[in-house]
Amino acid sequence: CITPSESKGRYTIMIRFIVTFFVKLQEKFDFKGLMFTILFVVGLYHIWDLWLEKSFDKYYKMAYYGTGPVPLYLFQAIEVVFEISFFILIGLFVFVIRSVLKMKKKFTSDDVFDKINSLTDTLIDRDKALSDSEKRFREMAEMLPEVIVEIDKHGNITYTNQLGYEITGYTKDDIKKGLNIFALVDHSERQRVTSNFDALLKGIDPGPKDLKIIKKDGTVIPTLARTATIKKNEEIIGYRATITDITEKVLAEYKLKKSEETHRLLTENSKDVIWTMEWPSLKVNYISPTITKAFGYTIDSILSVPMVHRYPEEDYRKIKETFHSIANKIQSRTNADYTIPNFVVRMYNSDRELVWVEISGNFLVDHEGIILKIQGSTRNVNDRILSEIKLKESEELFRTLYANAYDAILRIEKETIIGCNKKALTMFNCDKDFLIGKDVYQISADTQLDGVSAKSMSRSYLTAAY
């Protein structure tokens with residue numbers, strides 16, 4: 001029922017549209033593909049048109065002559081709808097083909113292989129970087145002065161650095177055969193180690209802990225251990241610990257403790273009062289318990305009483321002048337000797353009685369020559385000083401009696417006169433220079449009344465005196 005002119009017109013419009021449409025796509029597709037698409041679409045349209053003509057020929061003729069149930073205009077509208085539907089389907093088909101071609105272009109075999117190669121190279125680079133990082137970690141672990149140990153979740157040792165082998169005595173073969181960390185932990189501390197592992201699983205850092213390690217030969221060494229978790233994809237797969245051998249530190253602390261005990265015993269049993277004081281405030285910050293026995297003070301009372309109140313003003317001034325004199329020499333770098341020479345002053349005891357004390361000590365100075373404090377001792381020398389005073393007074397009295405005696409007195413050493421009083425000078429009617437240095441017999445008559453020579457008689461007297 002379709003006239004050739006009508007069909008030709010429709011074909012011309014359709015072909016022009018299709019050619020125009022696909023020319024626009026020429027940049028995206030190759031020429032052969034474009035021609036094939038045009039022919040394919042024209043063929044489809046021809047088949048579509050034949051199907052419509054065959055299916056609706058009867059109704060179209062009835063509508064054309066006005067004898068059918070459907071008016072001609074309605075039938076023509078239906079035909080237009082079908083033809084539009086054809087182009088919509090062709091458009092969808094072209095869209096699908098174009099999308100497939102785009103995907104094909106995007107994922108060509110070369111591109112896939114390139115992406116696979118790129119991904120492979122990336123993985124290789126990452127694996128190399130990880131391997132290099134692990135190598136650096138191992139090299140650094142070998143250089144550390146600490147034992148590095150890695151443990152799995154069951155407590156089996158999976159790695160330790162060379163120092164770990166040297167300290168514990170175990171070998172790599174022992175670890176390969178299976179060596180559990182608890183074989184190295186002293187029995188008394190295994191429960192504590194288990195508690196530390198449990199704390200790490202809960203996200204709690206137990207911090208550094210003292211740990212006794214049992215070596216392969218059975219000896220026990222003190223160490224300081226710190227433990228952390230090893231994670232993979234946020235999952236705890238084991239533990240890493242750093243262990244430091246503190247044998248020397250423990251021995252040093254033991255020796256220091258023994259030294260402190262010895263020092264304390266010496267200090268507490270010494271007759272001297274040991275003290276330290278700040279500079280320049282002269283505030284006592286330590287004093288030995290001997291202070292109670294020597295002067296009656298308690299330690300608290302002596303520390304609470306300023307130094308100026310424990311000495312008479314004159315004696316306190318002497319102490320300050322002595323200390324400042326030495327300090328000035330130290331600070332001016334004119335004196336490398338930090339010793340305080342012994343000197344004697346008076347001090348009040350707890351009963352406010354004056355007693356003589358002897359002070360000695362030295363300045364403690366840092367490497368820059370700055371005075372840190374004074375360390376010294378105070379000794380009760382009251383009995384000695386009082387004896388010296390009495391002896392001096394006795395000597396003064398003797399000199400007075402010697403000088404003013406009524407009898408002539410000669411002082412003789414061996415046989416020679418070394419001194420005399422005023423009465424002797426009067427008796428011999430001479431000056432002091434005449435007598436001093438002469439032997440006794442030289443100022444006597446050669447022959448005494450009994451006929452004995454002066455020299456023999458003087459010697460016999462002197463021998464008897466000595």
Side-chain angles (χ1 to χ4, degrees), residues 119-258:
L119 180 60
T120 303
D121 293 340
T122 301
L123 292 175
I124 292 174
D125 292 340
R126 288 182 180 177
D127 184 67
K128 186 176 182 301
L130 181 62
S131 177
D132 292 343
S133 176
E134 184 176 355
K135 183 180 178 182
R136 286 195 299 271
F137 167 77
R138 299 302 183 194
E139 290 175 350
M140 186 178 296
E142 296 299 333
M143 296 172 62
L144 290 175
E146 296 178 334
V147 176
I148 308 296
V149 180
E150 291 183 354
I151 312 162
D152 63 19
K153 293 181 69 174
H154 303 291
N156 298 315
I157 298 175
T158 58
Y159 166 80
T160 184
N161 59 351
Q162 184 61 35
L163 186 60
Y165 296 122
E166 294 175 2
I167 289 180
T168 62
Y170 287 96
T171 63
K172 293 182 179 179
D173 291 336
D174 294 325
I175 292 181
K176 290 180 180 179
K177 292 176 182 177
L179 181 62
N180 197 277
I181 189 63
F182 288 101
L184 281 71
V185 178
D186 190 69
H187 294 278
S188 62
E189 298 188 348
R190 291 183 178 179
Q191 183 59 44
R192 184 162 60 85
V193 172
T194 303
S195 300
N196 290 344
F197 286 157
D198 293 339
L200 288 170
L201 290 175
K202 296 176 182 178
I204 303 172
D205 184 5
K209 300 290 183 181
D210 290 333
L211 182 67
K212 295 179 181 177
I213 294 294
I214 304 175
K215 298 170 64 174
K216 190 174 183 179
D217 59 7
T219 57
V220 180
I221 59 173
T223 66
L224 184 67
R226 187 181 184 97
T227 312
T229 56
I230 301 175
K231 292 184 178 182
K232 185 177 182 181
N233 297 327
E234 299 303 322
E235 180 185 357
I236 297 176
I237 61 172
Y239 308 93
R240 182 178 291 114
T242 60
I243 301 174
T244 306
D245 184 358
I246 57 173
T247 303
E248 294 183 359
K249 177 185 175 184
V250 171
L251 290 175
E253 289 177 349
Y254 175 77
K255 291 179 180 179
L256 178 60
K257 184 178 180 181
K258 295 295 292 183

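For the single chain, residues carry numbers from 1 onward in sequence order.
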For residues 172-192, which residue pairs pass the ring pair (Phe, Tyr, Trp, His ring centres under 6.0 Å) check, not counting sequence neighbours? none

Rounded to the nearest 0.5 Å, what's the gap from NZ on Lys249 to CG on Leu256? Could you check? 12.0 Å

I'd like to check the salt bridge (Lys or Arg N to Asp or Glu O under 4.0 Å) partners of Asp210; sequence neighbours left out, ordered by chain and number. none

Side chain to side chain donor-acceptor pair (under 3.5 Å) with Thr244: which residues, sequence neighbours excluded? Glu146

Just jot down the side chain to side chain donor-acceptor pair (under 3.5 Å) partners of Asp198, sequence neighbours excluded, or say none. none

Compare every heavy atom of His154 with every heavy atom of Asn180, then report the nearest pair and how far apart it is. ND2-O, 3.2 Å

Contact list for residues 202-234, test ring pair (Phe, Tyr, Trp, His ring centres under 6.0 Å), sequence neighbours left out: none

Closest non-hydrogen atom pair, Val147 against Asn161: CA-OD1, 3.6 Å

Quick one: list whatever passes salt bridge (Lys or Arg N to Asp or Glu O under 4.0 Å) with Arg192, sequence neighbours left out. Glu189

Which heavy-atom pair separates Ile214 from Val185 by the least distance, and what is that distance? CD1-O, 3.7 Å

Kindly indicate whether the side chain of Ile151, heavy atoms from C-beta on, has any atom under 4.5 Å from the side chain of Ile181. yes

Look up atom CD1 in Ile175 and atom NZ in Lys172, then write down how far apart they are to the nearest 0.5 Å. 9.0 Å

Per the side-chain hydrogen bond (donor to acceptor under 3.5 Å, both in side chains) rule, what does the pair list look like for residues 211-222, sequence neighbours excluded? Asp174-Lys216, Asp217-Thr219

Contact summary for Leu211 and Ala225, nearest pair of heavy atoms: CD2-CB, 4.0 Å

Suppose the criterion is ring pair (Phe, Tyr, Trp, His ring centres under 6.0 Å): which pairs have a residue in residues 196-235, not counting sequence neighbours? Phe197-Tyr239

Pairing residues for Lys231 by the side-chain contact (heavy atoms from CB on, under 4.5 Å) criterion, not counting sequence neighbours: Thr229, Ile236

Nearest-0.5 Å distance, CD1 of residue Ile167 to CD1 of residue Ile221: 5.5 Å

Just how far is it from atom CZ of Arg226 to atom CG of Leu224, taken to the nearest 0.5 Å? 9.0 Å

Straight-line distance of Leu184 CG to Ile243 CD1, nearest 0.5 Å: 7.5 Å

Indicate the atoms forming the closest heavy-atom contact of Pro206 with Leu200, along with that distance. CD-CD2, 3.6 Å

Applying side-chain contact (heavy atoms from CB on, under 4.5 Å), name anything that partners Glu166, two or more places apart in sequence or on another chain. Gln162, Leu163

Do Val220 and Ile213 come within less than 4.5 Å of each other through their side chains, counting heavy atoms only? no

How many angstroms lie between atom CG of Leu179 and atom CD1 of Ile157, to the nearest 0.5 angstrom? 4.0 Å

Qualifying salt bridge (charged side-chain N to carboxylate O under 4.0 Å, His left out) pairs with a residue from residues 175-186, counting only residues at least two apart or across chains: none

What closest approach, in Å, do Ala183 and Arg190 show between heavy atoms, and which atom pair accounts for it? CA-NH2, 4.4 Å

Side chain to side chain donor-acceptor pair (under 3.5 Å) partners for Asp245, two or more places apart: Thr247

